[in-house]
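Shown next, in structure tokens, is the structure this report addresses.
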Amino acid sequence: MEDTETMFDTEGVTKNFMFLNRKAPYGTIYAQEVLELVLISAAFEQNAAIVFMDDGVYQIVKGHDPSVSGMKNFSPTYKVVEMEKEDAEEDEDIDMVWKIIVEKESMEARGLSTDDFIINVEVLGSQELSALMAEQDVVFGG
Amino acid sequence: MEDTETMFDTEGVTKNFMFLNRKAPYGTIYAQEVLELVLISAAFEQNAAIVFMDDGVYQIVKGHDPSVSGMKNFSPTYKVVEMEKEDAEEDEDIDMVWKIIVEKESMEARGLSTDDFIINVEVLGSQELSALMAEQDVVFGG
Amino acid sequence: MLHTINKSPFDRNSLASCLRTAPDGGAILFIEDGVYATAKGTTFSGDVEGALKNQKVFVLGPDLAARGIAEDKLIDGISVVDYSGFVDLVEEFGTVQSWL
Amino acid sequence: MLHTINKSPFDRNSLASCLRTAPDGGAILFIEDGVYATAKGTTFSGDVEGALKNQKVFVLGPDLAARGIAEDKLIDGISVVDYSGFVDLVEEFGTVQSWL
Amino acid sequence: MKLGIMVNEGPFTHQASDTAYQFAKAAIEKGHQVMRVFFYYDGVNNANKLSEPQSDDRNLVKLWGELAKEHGVDLVVCVAASLRRGIKDDILADGFRISGLGQLIEVGLAADRTITFGD
Amino acid sequence: MKLGIMVNEGPFTHQASDTAYQFAKAAIEKGHQVMRVFFYYDGVNNANKLSEPQSDDRNLVKLWGELAKEHGVDLVVCVAASLRRGIKDDILADGFRISGLGQLIEVGLAADRTITFGD
């Protein structure tokens, strides 16, 4: 498969990747296309912190229906991300650790709580998120 | 010339056009391409209010030199806009009225004064700008 | 005059700029990511409540639905329109200014 | 950790989000329209002065020049780098986070 | 009511083109006339006929073209903006034509309302 | 130092591609290796060979191609993002190749630093 074709020697390399989602869904495509990147990364069995902060927290709110605006509903893909995370936790042959995180301050500023989200998330305050950032090797999104 | 080719009957129609510049130059192309629109509009001899507010006020700051960033300096084009305005004022055969306006609140929030600008501008407070907006037929930019 | 706002108030300054300069007696229509401004209980709800004193305020229903915002979460006094209602607002309120 | 900020603080919330979460002891580099945050006397100068307590702060010279911001207008404590200096910062401070 | 529409962003990346299309369609259904849609800035990318979205996604290039064909809407792509971005006759989708910026001022003069969709 | 670069916006509309190019050039001049530049989102528009800027403006499509040719930089355009936006082999500029998103994760693993330029 083209998507896992390799050119560099990365045998045995493990890194911490952060996917930082800060944009609202539908108004721009960033939320949707970064999801494609997250899913591809699973094939490489790397650690991933999938973070929702600022307007990115709106990406995982329940009840999206963009059909009347003529757009595609990519909301179910977040469930796939959640499944990948759970599979990695359950399968002892897979070393990768995935985290799905919401920044507390962003969530509260928007009047949201974890009940509003379609997936299970870990809520971190800015200071805890800061500590997690310091552990990353590569940060995508923004 | 293709740019003044017409398809609709607009003989004798005069309107007030506002070109609202709210974006900083160079980071995005909007400032540059809206200028091209302002200049084309001169051929139609319409009234124009060219307004700089929010980060748009940075467009007319003196001393731009984007060459080291590899970009084109379109700053001199604002002088052309100013000349069009002055020509319209002096030529009694031309009915169009052009205004070049800076919103006071936007200018002050950025620590700028009219001395910082490469062209002469009229400074209006939000309330005065509001009154001018109410007179417009078409608003471009944003 | 009809003002459209298509950006989240958390991300951009369009809402603030519109409220500072919009002539009284017009209408504001929130579309696309702008619809986040119309929900109750956010840090920007107060600004929109203030706007309701001088402007009629509308929100595009299809964009609310896209983002999962139920109509019972809207700030009181905001009316929901569909694309057909959007066209009506353009006809009724005259010049359109898009805050981009 | 190196943070780049390429948006005007007047237009977007990147600066605020970066300052809220950036780990101490790293560096912030302002590029593109982000360089407007580095001038003295704006409504955001205080935020950047605050950042200088926990982070080293840099600004990309070519982008200052593009926008006509003279170096004597910069907030004290900010260092100017060129593209070569930008590369050095990436090498020195490790993981790069671009606040877009 | 006679309408002019300006579209400033390409398809997919921003919702602008979607909203403009839905607005134009609704206006036509109500009996209004969309005189012209003018594509400026990255909006010129709406005219790239090579665009091939996933099968379950909307195809904006095709949707605009169909609107032009069925309702005689004039779809104009700015020549200067197109040259820069590589939108040329070779890849211009059906229903679009390339012309100058004057066409935008003209529709602003001719239409009862002109509305912009962008970022 | 081995570098990976991600470019998220097309030429001209945002400065992202300019900054990425200047950064890549400076890194190479200092003796670092730019392993790969990956173009995602609207970044795929950097590979449109029909792009024809005004004669006094920079030509980013050509500049990237020259960098690839002179210094062996691997310029990869995301296939999924390209299909949507109509960037296909017919109009693919010299020096670019179309491949999958895995190429971005791969360079993230192989490079010492990976840096993103976007909007």
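Note on naming: letters A, B, ... go to the chains in the order of the sequence lines (proteins, then strands), and numbering restarts at 1 for each one.
Proximity to chain A (any heavy atom under 4.5 Å) is restricted, for F:Ala111, to the backbone atoms N, CA, C and O. For chain F, the nearby part of A:Val139 is the backbone; its heavy atoms alone come within less than 4.5 Å. Contact of F:Arg113 with chain A is not made at all, since no heavy-atom distance falls under 4.5 Å. In this structure, chain F has heavy atoms under 4.5 Å from both the backbone and the side chain of A:Tyr30. Proximity to chain F is limited to the side chain of A:Val138, based on heavy atoms less than 4.5 angstrom apart. Proximity to chain F (any heavy atom under 4.5 Å) is shown, for A:Glu11, by neither the backbone nor the side chain. Residue A:Glu36 touches chain F through both its backbone and its side chain, counting heavy-atom pairs closer than 4.5 Å.
Residue A:Lys15 qualifies as enclosed at atom NZ: its count of foreign heavy atoms under 6.0 Å is above 12. Environment of NZ in F:Lys69: sparse, with no more than 12 heavy atoms of neighbouring residues, nucleotides or ligands closer than 6.0 Å. A:Glu89 CD: more than 12 foreign heavy atoms inside a 6.0 Å radius. Other residues, nucleotides and ligands contribute more than 12 heavy atoms inside 6.0 Å of the CG atom of F:Asp90.
Heavy-atom pairs under 4.5 Å with chain A were tallied for F:Leu104, F:Asn8, F:Asp74; the largest tally goes to F:Leu104. The candidate from A:Ile29, A:Asp9, A:Thr14, A:Asp137 with the greatest count of non-hydrogen atom pairs under 4.5 Å with chain F is A:Ile29.
Taking the charged nitrogens against the carboxylate oxygens, A:Glu33 and F:Arg85 do have a contact shorter than 4.0 Å, which makes a salt bridge.
A:Val34 is not listed as a side-chain neighbour of F:Tyr40, based on a closest heavy-atom distance of 4.5 Å or more. By the 4.5 Å heavy-atom criterion applied to side chains, A:Phe8 and F:Lys2 are not counted as neighbours. No side-chain heavy atom of F:Val107 sits under 4.5 Å from any side-chain heavy atom of A:Met7. Under the 4.5 Å side-chain criterion, counting only non-hydrogen atoms from C-beta, A:Phe140 is in contact with F:Thr116.
In this structure, F:Glu106 and A:Thr10 approach most closely via the heavy-atom pair O-CG2, 3.9 Å. Among all heavy-atom pairs drawn from A:Ser41 and F:Ile105, the shortest one is CB-CD1, 3.5 Å.
Atom OG1 of A:Thr28 is separated from atom CG of F:Asp119 by 9.0 Å, given to the nearest 0.5 angstrom.
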